[in-house]
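Numbering of residues begins at 1 and proceeds along the displayed sequence. Note that ligands are numbered from 1 as they come in the structure, with each ligand's atoms numbered from 1 the same way.
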Amino acid sequence: MATHHDHSTAGSDDAVMTELLDLDAEVLHAYLSEVTAWVHRLAGDPAPSHLLDLGSGTGTGTFALLERFEKADVTALDMSAPYLHHLRNKADERGVAHRVRTVQADLDATWPDLDPVDLVWAASSLHHMADPVRTLTDVRTTLRPGGLLVAVELESFPHFLPDDLGIGRPGLEARCHAAMAEERNARLPHMGADWGPLLTRAGFTVETERVFTVDLTPPLPAATGRYAQLCLRRMRTGLEGRLSADDLAALDALLDEEGPDGLLRRGDLHVRTTRTAWAARRPDRR
Ligand SMILES: C[S@@+](CC[C@H](N)C(=O)[O-])C[C@H]1O[C@@H](n2cnc3c(N)ncnc32)[C@H](O)[C@@H]1O
């Protein structure tokens, strides 16, 4: 049977989200390499030494930045103790623990006491903040004058499915995304915002904006099936009552690990998503 309700408790939810964030890093590694190369070029010379990963999660950005900025250290900041614990374990395994510091803080409640940094990376985290302009204003005071902030945001989970699923219900995934967006708009009103004006309001000078397109075609590594499964399972939790019974049944067939149509068995997954990045500087004078 499909187990799409098996992450109803807080503990297992953390475990699922941890796996999902790590799969983001694994499946989207080529995009990460592209975006950090772009950040490296924008940051210029001398390369930044002290980096802050704001809302680091399990360290997708932290590790990509450590790889790109070979001499830098990264402060990974997040409100989630389990994510930071996992991130520290990964840093140990990868032999980079001496370059990573973790800080647990809920940025809606307080801005922690941080040393000045040369570069701030905030990926898929700003839309979670209750008052992003206030948080960005705090970020600006921690960034050294002239330092760079890179904010990366996403529209939604990636798309994985072909239109013809072989089980009927053409357009199922698009309907899932539309229904999910409806549910999410009230909960996360800043998701999909135009961050340029918000960065300006927080006192940054926006330098550039760039859309990164991910388009991974089959054959894809096995991790892709698991990634699709976790993303669609997570979407499924908010779709009850928002999709027709036939659509929900088709989604359950895809999520059924043992069934013939399960995502792990499909060879036709195709990962499509975009990430939009804004690069902004703290002006020298502020
Ligand atoms: C979608 S995850 C992105 C994680 C990571 N940046 C990545 O790219 O994989 C959003 C992260 O923001 C963190 N977060 C959300 N609200 C926060 C807050 N108020 N203070 C600190 N961190 C927060 C969450 O705990 C989560 O780790």
Return the minimal non-hydrogen interatomic distance between Leu21 and Gly57, and the atom names on each side. CD1-CA, 4.2 Å

Strictly by ring pair (Phe, Tyr, Trp, His ring centres under 6.0 Å), give each pair with a member in residues 215-234 just once, sequence neighbours left out. Phe160-Tyr227

List the protein residues in contact with ligand 1, where contact means a heavy-atom separation under 4.0 angstrom. Leu21, Gly55, Ser56, Gly57, Thr60, Asp78, Met79, Tyr83, Ala105, Asp106, Leu107, Asp108, Ala123, Ser124, Ser125, His128, Met129

Taking only residues two or more places apart in sequence, or in another chain, which ones meet Arg99 in a salt bridge (charged side-chain N to carboxylate O under 4.0 Å, His left out)? none

Throw together a table of side-chain donor-acceptor distances under 3.5 angstrom for residues 211-222, partners on residues two or more places apart or in other chains.
unit_1, atom_1, unit_2, atom_2, d
Asp215, OD1, His270, NE2, 2.5

With a 4.0 Å cut-off, would you call Asp13 and Arg234 a salt bridge? yes

Do Arg226 and Glu19 sit within salt-bridge range, that is, some charged N less than 4.0 Å from a carboxylate O? yes

